[in-house]
Amino acid sequence: MKIQRNKIEFGDTIFARLTMGGRTVVEFMINRVADMTELLGELRDVTRGLRGLATLYIRNKSRGWSQQRPLMLIAN
């Protein structure tokens, strides 16, 4: 049995902040994603045209966890 940490389910209140070079470029709350893949898809939509290394901070307010991780943006 696989233990899943940092779980996201549809309806969870998710706060996301993306920073590049110490500057916040995107910040939003969402509750209509069911997993990390969908959250990254939402981020991709709002960061179109940006490229470079960013830091993604995610907080799942419904489940009480947060994480921070690097994210490489590729302009499309």
Side-chain angles (χ1 to χ4, degrees):
M1 182 169 142
K2 182 179 176 184
I3 297 174
Q4 188 172 13
R5 296 181 346 136
N6 298 348
K7 186 176 181 180
I8 296 175
E9 288 188 357
F10 190 84
D12 286 356
T13 302
I14 307 296
F15 170 80
R17 178 188 311 121
L18 193 71
T19 58
M20 295 180 76
R23 186 182 67 121
T24 298
V25 293
V26 175
E27 189 172 71
F28 65 90
M29 288 183 70
I30 192 167
N31 64 357
R32 63 180 189 273
V33 294
D35 56 27
M36 189 65 73
T37 301
E38 289 183 11
L39 179 61
L40 291 174
E42 292 288 331
L43 277 167
R44 182 176 170 210
D45 288 345
V46 297
T47 59
R48 261 191 221 289
L50 293 178
R51 62 183 300 165
L53 185 61
T55 301
L56 174 60
Y57 172 80
I58 303 166
R59 170 148 172 72
N60 186 328
K61 294 177 79 174
S62 300
R63 299 189 183 275
W65 60 261
S66 65
Q67 71 176 30
Q68 184 171 307
R69 60 200 250 182
L71 181 69
M72 179 59 78
L73 299 175
I74 301 171
N76 43 348

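Computation of the quantities below employed the complete heavy-atom set of this structure, encompassing side-chain atoms and omitting hydrogens, waters and symmetry-equivalent molecules.
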How does the hydrophobic cluster around Y57 look, that is, which other residues are in it when side-chain heavy atoms under 4.5 Å mark a link?
F15, M29
Please test T37 against L40 for side-chain contact (heavy atoms from CB on, under 4.5 Å), starting from the C-alpha separation and ending with a verdict.
CA-CA 5 Å; T37 301; L40 291 174; 5.9 Å; no
Validation row: I58, L56 side chains within 4.5 angstrom (heavy atoms):
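The answer is yes; the side chains approach within 4.5 Å.
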Are L18 and F28 close enough that some pair of their side-chain heavy atoms sits under 4.5 Å apart?
no
Step by step, work out the side-chain contact (heavy atoms from CB on, under 4.5 Å) result for M36 and Q67.
CA-CA 12 Å; M36 189 65 73; Q67 71 176 30; 3.6 Å; yes
If I compare all heavy atoms of [X] with all of [Y], which pair ends up nearest, and what's the gap?
X: G11; Y: S62; result: O-OG, 4.4 Å
X: M20; Y: A54; result: CG-CB, 3.5 Å
X: V33; Y: L39; result: CG1-N, 3.9 Å

How many angstroms lie between atom CD1 of I74 and atom CZ of R44, to the nearest 0.5 angstrom?
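The CZ atom of R44 is 9.5 Å from CD1 of I74, to the nearest 0.5 Å.
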Measuring from L71:CG to L43:CG, what's the distance to the nearest 0.5 Å?
7.0 Å
Among residues at least two apart in sequence or on other chains, which ones pass side-chain contact (heavy atoms from CB on, under 4.5 Å) with R23?
V25
Summary of salt bridge (charged side-chain N to carboxylate O under 4.0 Å, His left out) pairs that have at least one residue in residues 30-39, sequence neighbours excluded:
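Pairs touching residues 30-39 that pass the test: R32-E42.
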Evaluation steps, side-chain contact (heavy atoms from CB on, under 4.5 Å), between Q68 and T55
CA-CA 7 Å; Q68 184 171 307; T55 301; 3.5 Å; yes
Can you pull the side-chain hydrogen bond (donor to acceptor under 3.5 Å, both in side chains) pairs that have at least one residue in residues 10-20, sequence neighbours excluded?
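Sorted pair list: D12-N60, D12-R63, R17-E27.
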Whether W65 side chain and K7 backbone form a donor-acceptor pair below 3.5 Å:
yes
